[in-house]
Amino acid sequence: MPAAGSADENGAPVNQIVAVVLVMLATVLIGAFGIRVSRTTSDFYVASRTVSPLWNASAIGGEYLSAASFLGVAGLILTFGADMLWLPVGWTGGYLVLLVLVSAPLRRSGAYTLPDFAEARLESMAVRRLSSVLVVLIGWLYLMPQFQSAGLVFRTITGAPPWTGSLLVAAVVATNVLSGGMRSITFVQAFQYWLKLTALAVPLVFMLMAWWSDGRPGLAPGDEWVLPLHGQEHPVYETYSLILATFLGTMGLPHVLVRFYTNPDGMAARRTTLVVLTLLGAFYLMPAVYGYLGHVYGMPESDTVVIALPGRLVGGPVGEFLTALVTAGAFAAFLSTSSGLTVSVAGVIAQDMLRGGVRAFRVATLLAVLVPFALAGVARLLPVATVVGLAFAVAASSFCPLLVLGIWWRRLTTAGAMAGLLAGGGLACTAVVVTIIGGPHSGWAGSLLAEPAAWTVPVSFTVMVVVSLLTPSRVPRGVARTMVRLHTPETLNVDRGDWRPRFM
């Protein structure tokens with residue numbers, strides 16, 4: 001038997017491989033428990049709307065804290081400096097906007113997916129179909145870097161081809177979602193949030209102790225790392241565009257919004273959001289410290305600095321154990337986010353492209369996983385946080401205007417919603433494709449394409465408002481009834497209309 005932390009004949013650290021295997025086994029076993037309690041279609045789609053705020057908030061934290069959060073934030077802070085702290089601030093602050101403007105009315109809508117909401121609010125199948133396409137595109141764009149990062153980490157610890165790690169994550173995610181749907185994924189993601197938090201917190205304690213014993217080394221005088229707007233060609237524009245994308249993109253992420261449909265009522269949805277803010281704030285303090293320590297100690301890695309740093313600072317068997325723990329947390333990040341995205345994308349594919357029901361959901365799950373897995377193998381590898389940022393930009397440019405105006409402005413028309421989704425979502429998607437395939441570009445064109453939210457979000461809002469004002473006859477007939485349903489607390493016994501999601 002090799003000692004803990006030793007390498008096998010191929011040079012792969014045994015403890016890291018064991019950590020990955022244990023995380024995957026725990027994920028499958030916890031997900032299997034969901035089979036016992038998943039009986040109806042509603043269980044598969046929304047866990048029968050019975051998830052408590054704390055449990056749901058843990059699950060949201062599990063799926064929201066993706067590879068970009070666990071690995072990418074520290075890597076970008078290490079590479080580009082303190083200005084990248086805007087990423088965790090924006091990703092957390094987005095829930096404030098979600099809390100104030102969206103969470104409770106969205107839960108009261110009775111919808112399950114964003115296309116469900118679009119159909120209920122605008123009484124239009126055309127808007128529903130367009131929303132479905134955008135949900136699938138955003139989901140696939142978000143899934144692709146999860147699989148790419150899994151391949152990168154698995155290659156780092158084993159030397160295996162990158163597609164191996166991607167395939168492992170894809171297989172485990174598909175197994176869980178196929179077995180128990182939303183009910184299984186809720187259990188899995190809640191567990192994985194606390195695993196990720198532990199996987200970052202415990203090694204950080206030991207690393208800070210090592211840093212203290214080293215005499216608390218700091219930044220060299222004149223180090224550009226602390227300068228704001230460091231390492232960007234058009235820093236002011238890129239920074240504010242990033243802030244806009246992260247603040248507004250959260251409310252348009254399908255795998256986040258679907259979680260609020262699992263709460264019993266709007267009050268529980270608001271409480272869930274408040275707990276999420278606390279959980280995210282606790283988590284995001286740590287990747288920033290990893291990035292700072294990586295810069296102080298001259299770590300050359302970017303997306304893998306979180307995994308490499310414990311072994312560098314602590315060393316010995318303890319350092320190897322901590323590295324294994326962080327590796328387990330990284331794979332938990334891949335699995336939890338991929339699971340939530342797969343559920344949301346599969347739900348839309350099953351409802352709008354297939355005939356609905358449990359069997360359609362399972363077929364849709366395979367499609368939801370296989371397409372981004374294939375894209376991960378052929379797309380150009382960008383920093384994981386960069387790709388996720390592009391997904392936020394698309395969400396902010398499409399669903400953010402639809403939700404804000406749909407919930408709070410009764411004069412939004414079918415034509416206005418369609419035009420805004422096509423303009424904002426279409427322009428943002430074009431920028432993403434050009435950046436991933438042909439980027440990075442230089443000059444203003446490169447900045448506008450790499451960070452499109454600053455111009456695509458205003459375009460989307462403007463087009464929706466202007467076209468709606470020009471087409472007053474296209475205001476949905478049942479808008480008054482819909483507004484009552486969205487804004488009246490469930491405790492008041494009012495007529496909420498007869499609209500229901502089609503799967504119920």
Side-chain angles (χ1 to χ4, degrees), residues 19-20 22-34 46-47 51-73 88 91-92 94-95 98 103 139 142-143 145-147 149-150 169 172-177 179-201 250 253-263 269 271-287 306 325-346 384 388:
V20 171
L22 289 176
V23 168
M24 291 190 171
L25 284 176
T27 299
V28 172
L29 291 175
I30 295 172
F33 176 73
V46 289
V51 183
S52 66
L54 178 59
W55 196 256
N56 209 18
S58 298
I60 290 174
E63 71 178 358
Y64 190 66
L65 298 172
S66 65
S69 298
F70 198 90
L71 301 176
V73 169
W91 284 337
T92 305
Y95 274 90
L98 192 66
S103 59
Y142 214 136
L143 273 168
Q146 311 306 316
F147 293 151
S149 298
V169 170
V172 173
V173 168
T175 299
N176 267 348
V177 177
S179 63
M182 180 61 79
R183 184 77 73 175
S184 288
I185 295 307
T186 298
F187 297 145
V188 169
Q189 289 176 333
F191 157 75
Q192 287 170 337
Y193 168 79
W194 295 105
L195 174 60
K196 285 184 282 189
L197 189 69
T198 303
L200 281 186
T250 301
L253 295 178
H255 68 299
V256 170
L257 293 180
V258 71
R259 277 272 151 218
F260 292 102
Y261 304 129
T262 65
N263 282 123
R271 290 174 180 168
T272 296
T273 310
L274 286 172
V275 178
V276 168
L277 283 167
T278 303
L279 298 182
L280 295 185
F283 180 91
Y284 275 128
L285 290 173
M286 292 181 285
V306 171
L325 182 59
V326 174
T327 303
F331 267 81
F334 308 146
L335 291 169
S336 58
T337 301
S338 300
S339 298
L341 288 164
T342 300
V343 167
S344 61
V345 172
V384 59
V388 171

With rounding to the nearest 0.5 Å, note down the distance linking CG in Leu253 to CD1 in Ile60.
11.5 Å

Considering all heavy atoms, the nearest Val169-Met24 contact:
N-CE, 4.2 Å

To the nearest 0.5 Å, how far apart are OG1 in Thr272 and CG in Leu277?
11.0 Å

With sequence neighbours left out, what residues match Ser69 under side-chain hydrogen bond (donor to acceptor under 3.5 Å, both in side chains)?
Tyr284

Does Tyr64 use its side chain to pair, donor to acceptor, with the backbone of Trp91 at less than 3.5 Å?
yes

With a 4.5 Å heavy-atom cut-off, do Thr337 and Leu65 have their side chains touching?
no

Taking Pro287 as the fixed residue, which of Leu71, Leu200, Val306 is the one that meets the side chain to side chain contact (heavy atoms under 4.5 Å, CB included) rule?
Leu200

Compare every heavy atom of Gly329 with every heavy atom of Ala199, then report the nearest pair and how far apart it is.
CB-CA, 3.6 Å

Hits for side-chain hydrogen bond (donor to acceptor under 3.5 Å, both in side chains) against Thr327, two or more places apart or cross-chain, chain-then-number order -> Gln16

Got a sec, which residues hit side-chain hydrogen bond (donor to acceptor under 3.5 Å, both in side chains) with Gln146, two or more places apart in sequence or on another chain?
none

Could you tell me which residues satisfy side chain to side chain contact (heavy atoms under 4.5 Å, CB included) with Leu197, sequence neighbours excluded, listed by chain and number?
Tyr193, Trp194, Phe283, Met286

Can you list everything that forms a side chain to side chain contact (heavy atoms under 4.5 Å, CB included) with Ala333? Sequence neighbours excluded, please.
Phe70, Lys196

With Leu280, the side chain to side chain contact (heavy atoms under 4.5 Å, CB included) member among Leu285, Thr92, Val275
Thr92

Considering all heavy atoms of both residues, which atom of Leu195 and which atom of Ala332 are nearest to each other, and what is their separation?
CD2-CB, 3.7 Å

Holding to ring pair (Phe, Tyr, Trp, His ring centres under 6.0 Å), I want the full list of residues that pass it with Phe334, two or more places apart in sequence or in another chain.
Phe331

The reported gap from OG1 in Thr250 to CG in Leu98 (rounded to nearest 0.5 angstrom) is 7.0 Å

